[in-house]
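Indexing begins at 1, ligand by ligand and atom by atom, following the structure's order. Quick note: residue numbers are just sequence positions, from 1.
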Amino acid sequence: MTVTTRFAPSPTGTLHVGNVRTALHCWLLAKKHGGRFLLRIDDTDLERSREEHVAAIKADLEWLGLGWDGEERQSARFDLYEAEFRKLIAAGRVYRCYETAQELDLKRKVLLGRGLPPIYDRAALQLTEADHAARAAAGESPHWRFRLDHTAPIEWTDAIRGKQHFEPAKMSDPVVRRADGSWLYLLPSVIDDIAMEVTDVLRGEDHVSNTATQIQMFAALGASPPRFAHEALLTGTEGKLSKRLGSLGVAALRAEGIEPEALVALLARLGTSDPVEPIAEREVLIDNFDLGHFGRAPARFDEAELHRLNAQIVHRLPFARVAHLLPAGMGEAAWDAIRPNLEHISEAADWWRIVTGPVTAPRLDEADRAYLAQAAELLGKGGADWQTLTGALKQASDRKGKALFLPLRQALTGMDHGPDMAALLPLIGREAALERLEAASRPGAPS
Ligand code: GLU
């Protein structure tokens, strides 16, 4: 069976770093096995789901290069849920309940007070058809619970967490449908995973106990469950309850100049035994991806690490990847010369302005000015390459090291540091370089 994964965001907000990580891992798992990665929009909550969030989620996935091979929307599948639900009613696996939130809360408190686990007592299973009729006559609608099978433990081998074991008798029968007919997440997700032929469910470990109940739902619907993997959650550098991390969205990182390759390279490896490296090639990440390398400890997301990785990635990006982001006229040679000095691609424009000029050199002392006049003369005569120029200057003046190079850099770029001058000089060109050297050699100028 083709490996099929799905990413199932609820469009009640935009993607944050944690969701992106799950989406990426689902994508990598599918690609690793030549399989399919599906997008499922979990919009059963019609009130809180927003079209603009759906659009933003898709735009973020596209920006990250996480294309999907198929798409479903839960809001378009209510007929299917209804039909499957009827089967569960017929099989006696769902039942009607009427307890209010307050009543349930009270029951829980009583149990906790007695030192017992706060499990639903299944009181509603005792109701007769006459009781239900009386409730209906009084205008009350039931909510529905899934009746867990208590006869055997629920077990699975989680691809990250290993052997898992749950005792259904120690769990509450989960509510699957509200009194107003709307669906809770648990059952539609199972119905969809069956219909979409999902083979691997990969999600955060906050879903582990959901998985236990969902495994029984798969069986109740006559399907064998997919493989499951639950990854440890991300924490911020400040610890588990990181507000910043929970709200840190793709759009904000993008605005800070983070490239998708950097976010992907970090999130692909964070929390695994593989080192985080500036890998811009997706194939390398795919080949290397292995759920067996995932650790069980929470993975720490450090924004500073992301920014460092981003710089390393920018230094490696080929011209073809960035050309559309560069100022007009800036070609491949300029990109190759300038990229080692960038943290963000947007800074390329600053260096390009320096190449194209005008630049203002700092005020230099008389000796440096004389030296630059000498440089201008040599440049006027000789070749316009850096080695030739500095070689000739070394002979002509008795300067070396910083005294030899720095005034030239200052005159040519107006800066004390920057890209390799050997690469910059041909970009500046002989004529402009000559003008800059002459201007810097004139007394009193430039200021
Ligand atoms: N919509 C669910 C969530 O965002 C999906 C969980 C799942 O992957 O099954 O938590």
Side-chain angles (χ1 to χ4, degrees), residues 3-30 35-51 53-54 56-58 60-61 64 66 68-78 80-81 84 146 154 156 158-161 164 166 174-178 182-218 221 223 225-234 245-250 267 291 294:
V3 166
T4 303
T5 64
R6 88 299 194 269
F7 173 54
S10 305
T12 52
T14 52
L15 299 184
H16 56 75
V17 172
N19 313 129
V20 169
R21 178 167 172 255
T22 306
L24 171 65
H25 293 161
C26 289
W27 186 91
L28 287 168
L29 185 62
R36 298 186 308 147
F37 168 70
L38 306 176
L39 175 62
R40 190 183 80 203
I41 302 292
D42 280 6
D43 58 349
T44 52
D45 186 340
L46 297 174
E47 223 149 83
R48 290 174 57 227
S49 297
R50 297 260 177 286
E51 227 25 64
H53 294 322
V54 176
I57 288 168
K58 289 186 182 176
D60 286 348
L61 291 176
L64 288 158
L66 305 180
W68 51 98
D69 306 304
E71 181 186 337
E72 295 295 348
R73 256 183 193 241
Q74 291 200 318
S75 59
R77 300 166 69 81
F78 289 144
L80 174 65
Y81 305 154
E84 296 303 299
F146 177 77
I154 304 168
W156 78 94
D158 193 284
I160 294 174
R161 299 165 60 85
Q164 302 293 299
F166 282 79
V175 176
V176 290
R177 197 168 191 182
R178 299 185 190 91
S182 64
W183 300 99
L184 281 106
Y185 147 77
L186 285 171
L187 184 59
S189 180
V190 170
I191 295 171
D192 286 337
D193 286 338
I194 296 170
M196 293 163 72
E197 299 182 335
V198 170
T199 60
D200 293 81
V201 170
L202 167 55
R203 54 192 180 190
E205 67 180 10
D206 48 333
H207 281 288
V208 171
S209 59
N210 286 340
T211 296
T213 61
Q214 286 181 322
I215 281 178
Q216 284 211 354
M217 293 178 193
F218 279 98
L221 291 166
R227 289 180 285 266
F228 286 97
H230 295 87
E231 51 188 15
L233 300 181
L234 277 189
L245 190 61
S247 61
L248 188 58
V250 174
L267 294 178
L291 290 176
F294 279 65

Just checking, any donor-acceptor pair under 3.5 angstrom between side chains of R48 and S10?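 No donor-acceptor contact under 3.5 Å links the two side chains.
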With no hydrogens and no angle check, just 3.5 Å: does a side-chain donor-acceptor pair link D192 and Y81? yes
Closest candidate by heavy atom, reference atom 8 (O) of ligand 1, pool Q214, H207, R6: R6
Run R6 and E72 through salt bridge (charged side-chain N to carboxylate O under 4.0 Å, His left out) and show every step you take. CA-CA 10 Å; R6 88 299 194 269; E72 295 295 348; over 6 Å; no
Between F7 and ligand 1, find which residue part has any heavy-atom pair under 4.0 Å and reply side chain, backbone, both or neither.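 Neither part.
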Looking at R73 and E51, is there a salt bridge between them, counting it only when a charged N and a carboxylate O are closer than 4.0 Å? yes
Per-atom contacts of ligand 1 with [X], taking only distances under 4.0 Å to non-hydrogen atoms:
X: D42; result: 1 (N), 2 (C), 5 (C)
X: S10; result: 1 (N), 4 (O)
X: R203; result: 7 (C), 8 (O), 9 (O)

Any F228 side-chain heavy atom under 4.5 Å of V201 side chain: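 Yes, close enough: below the 4.5 Å cut-off.
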Looking at atom 5 (C) of ligand 1, what's its closest protein heavy atom, distance included? A8 O, 3.2 Å
